[in-house]
**Q** 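Below are the structure tokens for one structure; questions will follow.
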Amino acid sequence: GAWRDRPLLPDVARFVGKGLAYQNALVYWYNHYPDEGFTGPHFDVLDRCIVVGGGLASIDVVKILNFELYKRALAARGIRVTAHQLEHDGIPHVLAAHGLTQAALGVHGATLYYRREKSAMPVAPLPDHPTPAQRDKTAQVRAKVMDKVIEKYLVHFEPNAAPISPIIEGERMVGLTFQRTRTVDGKLVHIEAERLDVRAPMVVSSIGSIPRAIPGLPMRGELVDFEIGESGELRG
């Protein structure tokens, strides 16, 4: 039931559809736009889009963007491929089967920006009360997952970059300013002097989903207020 996207930054809602997209609407479009009679919002997937995230959903988003880019670039050469082929075989394999390379197609692809290191991505869970060895193992698994995504789907990855403000031109968001970070004793530290301006035709926010508030259900912040989480019993 968590279909409401967590806001990327304060006061950027006005740029939705004007350079800013959220993951839920984008994924819904991707799953339904081939359907006959689909009349929902349309997204123009352009090269060099950026995605802000770090979890499994954000990996889906960068894959979606690259699938669309490469399907279109191949179609321009008379080569029809499906998302299933790209997903299963990997983009480099599909290109090689047609005697092509990423450079030959001229596709740069999407970039995922994450506020922490690759090894901290929440793409593999830590066990309860982990030992130091388990923490190290999980960090290795997380990094390996992202390395595989980069290799197989030709996405780019930029760690230690936390978005702090939009780049605006006229009525559009044309990118983001990021602040560099590092992890010190397990805590995220912002490096005030190091900022990075990144321009992009579209910014996709994939930083998590939260429940829509339902009248009559108690809320605690942005979450439903469960008294007993295991059973789903609501407070009051």
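We're numbering straight along the sequence, starting at 1.
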**Q** What's the separation between atom OH in Tyr28 and atom OH in Tyr33, rounded to the nearest 0.5 Å?
**A**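 Between Tyr28 OH and Tyr33 OH, I get 15.0 Å after rounding to 0.5 Å.
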**Q** Could you report the tightest heavy-atom contact between Ser206 and Val51, atom names first, then the distance?
**A**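 The answer is CB-CG1, 4.0 Å.
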**Q** Indicate, with yes or no, if Leu223 and Leu234 share a hydrophobic cluster defined by side-chain heavy-atom contacts under 4.5 Å among Ile, Leu, Val, Met, Phe, Trp and Tyr.
**A** no
**Q** Does Arg172 come within less than 4.0 Å of Glu169, counting only side-chain N to carboxylate O?
**A**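 No salt bridge links Arg172 with Glu169.
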**Q** Under a single-linkage definition using a 4.5 Å side-chain heavy-atom cutoff for Ile, Leu, Val, Met, Phe, Trp and Tyr, are Ile210 and Phe226 assigned to the same hydrophobic cluster?
**A** no
**Q** I'd like to know if the side chain of Tyr22 and the backbone of Leu8 have a donor-acceptor N/O pair within less than 3.5 Å.
**A** yes
**Q** Give a yes or no answer on whether the side chain of Arg4 reaches the backbone of Pro211 with a donor-acceptor pair at less than 3.5 Å.
**A** yes
**Q** Indicate yes or no for a side-chain donor-acceptor contact from Arg72 to the backbone of Val45 under 3.5 Å, with no hydrogens or angles considered.
**A**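 Such a contact is found between Arg72 side chain and Val45 backbone.
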**Q** Quick one: closest heavy-atom pair of Phe43 and Ala21, and the distance?
**A**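 Closest heavy-atom pair between Phe43 and Ala21: CE2-CB, 3.6 Å.
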**Q** Determine yes or no for a side-chain-to-main-chain donor-acceptor pair under 3.5 angstrom, with His98 supplying the side chain and Leu74 the backbone.
**A** no
**Q** With a sphere of 6.0 Å drawn around NE2 of His32, does it hold more than 12 non-hydrogen atoms of other residues, nucleotides or ligands?
**A**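 Atom NE2 in His32 is packed in, count exceeds 12.
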**Q** Answer whether the closest heavy-atom distance between the side chains of Asp225 and Met219 falls below 4.5 Å.
**A** no
**Q** Output, in order, the C-alpha distance, side-chain angles, deciding distance and verdict of side chain to side chain contact (heavy atoms under 4.5 Å, CB included) for Leu126 and Arg135.
**A** CA-CA 7 Å; Leu126 271 172; Arg135 287 186 181 277; 3.6 Å; yes
**Q** Is there a side-chain contact between Gln134 and Thr131 (heavy atoms, below 4.5 Å)?
**A** yes
**Q** So how far is it from Asn24 CG to Ser209 OG, rounded to the nearest 0.5 Å?
**A** 4.0 Å
**Q** Does the pair Leu196 and Thr177 meet the rule for a side chain to side chain contact (heavy atoms under 4.5 Å, CB included), with working shown?
**A** CA-CA 6 Å; Leu196 177 67; Thr177 297; over 6 Å; no
**Q** Checking side chain to side chain donor-acceptor pair (under 3.5 Å) between Asn160 and each of Glu194, His190, Glu117, Arg115, which is the one that passes?
**A**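 Option passing the side chain to side chain donor-acceptor pair (under 3.5 Å) with Asn160: Glu117.
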**Q** Look only at the side chain of Asn66 and the backbone of Gly109, and say whether a donor-acceptor pair between them is shorter than 3.5 Å.
**A**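 Between the backbone of Gly109 and the side chain of Asn66 there is no qualifying donor-acceptor contact (under 3.5 Å).
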**Q** Tell me whether Gln102 contacts the main-chain N or O of Pro92 through its side chain, where contact means a donor paired with an acceptor under 3.5 Å.
**A**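 Such a contact is absent between Gln102 side chain and Pro92 backbone.
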**Q** Check whether any side-chain heavy atom of Leu154 lies under 4.5 Å from a side-chain heavy atom of Tyr70, and answer yes or no.
**A** yes
**Q** Ignoring hydrogens and angles, tell me if any N or O in the side chain of Lys148 forms a donor-acceptor pair with the backbone of Ala143 under 3.5 Å.
**A**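 Side chain of Lys148 to backbone of Ala143, a donor-acceptor pair under 3.5 Å: no, none is there.
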**Q** Taking the side chain from Ser58 and the backbone from Gly53, do they hold a donor-acceptor pair closer than 3.5 Å?
**A** no
**Q** Count the heavy atoms of every other residue, nucleotide or ligand shown that sit under 6.0 Å from NZ of Lys152, and state whether that count exceeds 12.
**A**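 Yes, NZ of Lys152 has more than 12 neighbouring heavy atoms, counting only those of other groups under 6.0 Å.
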**Q** Taking all heavy atoms of Ile59 and all of Val62, pick out the closest pair and write down the distance.
**A**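 The answer is O-CG2, 3.2 Å.
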**Q** Please examine the side chains of Pro201 and Asp44, heavy atoms only from C-beta on, and report whether any two atoms are closer than 4.5 Å.
**A**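 They are not in side-chain contact.
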**Q** CG of Asp47 to CG of Leu65: how many Å apart, nearest 0.5 Å?
**A**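 Rounded to the nearest 0.5 Å, the CG-CG separation comes to 10.0 Å.
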**Q** Which heavy atom of His108 sits nearest to which heavy atom of His156, and what is that distance?
**A**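 Smallest interatomic distance, heavy atoms only, reads O-NE2, 2.8 Å.
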**Q** Ignoring hydrogens and angles, state whether a donor on the side chain of Ser205 or Gln23 is under 3.5 Å from an acceptor on the partner side chain.
**A** no
**Q** For Arg116 and Leu188, run side chain to side chain contact (heavy atoms under 4.5 Å, CB included): C-alpha distance rounded to whole Å, both residues' side-chain angles, the deciding distance at 0.1 Å, then the answer.
**A** CA-CA 7 Å; Arg116 292 183 182 269; Leu188 190 68; 3.7 Å; yes
**Q** So Arg212 and Leu217, do their side chains get closer than 4.5 Å, heavy atoms only?
**A** no
**Q** Is there a continuous path of hydrophobic side-chain contacts, each under 4.5 Å between heavy atoms, that joins Ile164 to Tyr114?
**A**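 Different hydrophobic clusters.
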**Q** Taking atom CG of Leu9 and atom CG of Leu176, what is their separation to the nearest 0.5 Å?
**A** 6.5 Å
**Q** Check whether any side-chain heavy atom of Leu95 sits under 4.5 Å from a side-chain heavy atom of Ile91, and report yes or no.
**A**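 Yes - at least one pair of side-chain heavy atoms lies under 4.5 Å apart.
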**Q** Ignoring hydrogens and geometry, is there a side-chain-to-backbone donor-acceptor pair from Arg142 to Met121 under 3.5 Å?
**A** yes
**Q** Show your reasoning for whether side chain to side chain contact (heavy atoms under 4.5 Å, CB included) applies to Leu86 and Tyr153.
**A** CA-CA 8 Å; Leu86 298 173; Tyr153 304 115; 5.8 Å; no
**Q** Compare all side-chain heavy atoms of Leu46 with those of Leu69 and state whether any distance is below 4.5 angstrom.
**A** no
**Q** Are Ile168 and Val174 connected in a single hydrophobic cluster, I mean Ile/Leu/Val/Met/Phe/Trp/Tyr linked by side-chain heavy atoms less than 4.5 Å apart?
**A** no
**Q** Check whether the side chains of Thr82 and Glu87 place a donor and an acceptor atom closer than 3.5 Å, and report yes or no.
**A**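 No, Glu87 and Thr82 have no side-chain donor paired with an acceptor closer than 3.5 Å.
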**Q** What distance separates Thr183 OG1 from Asp185 CG, expressed to the nearest 0.5 Å?
**A**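 Taking OG1 in Thr183 and CG in Asp185, the distance rounds to 10.0 Å.
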**Q** On a heavy-atom basis, which atom in Pro122 and which in Gly54 lie closest, and how many Å separate them?
**A** CD-O, 3.4 Å
**Q** Using only heavy-atom distances, determine whether the side chains of Tyr30 and Glu68 contain a donor-acceptor pair under 3.5 Å.
**A**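 No, because no side-chain N or O of Tyr30 sits under 3.5 Å from a partner of the opposite role on Glu68.
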**Q** Regarding Lys118 and Asp147, does a basic nitrogen lie under 4.0 Å from an acidic carboxylate oxygen?
**A** yes
**Q** Any heavy-atom pair between the side chains of Glu222 and Arg6 that's under 4.5 Å?
**A** yes
**Q** Taking the six-membered ring for Trp, are His42 and Trp29 parallel (under 30°), tilted (30 to 60°) or perpendicular (over 60°)?
**A** perpendicular
**Q** Minimum heavy-atom separation for Thr111 to Phe157, with atom names?
**A**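 Taking every non-hydrogen atom into account, CG2-N, 4.2 Å.
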**Q** Between atom CG of Leu112 and atom CD1 of Ile50, what is the distance when rounded to the nearest 0.5 Å?
**A** 10.0 Å
**Q** Under 3.5 Å, is there a donor-acceptor pair between the Gln179 and Glu192 side chains?
**A** yes
**Q** Under a single-linkage definition using a 4.5 Å side-chain heavy-atom cutoff for Ile, Leu, Val, Met, Phe, Trp and Tyr, are Val198 and Val203 assigned to the same hydrophobic cluster?
**A**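 Yes, Val198 and Val203 fall within the same hydrophobic cluster.
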**Q** Between Leu20, Leu26, Ile64, which is the residue that forms a side chain to side chain contact (heavy atoms under 4.5 Å, CB included) with Val204?
**A** Leu26
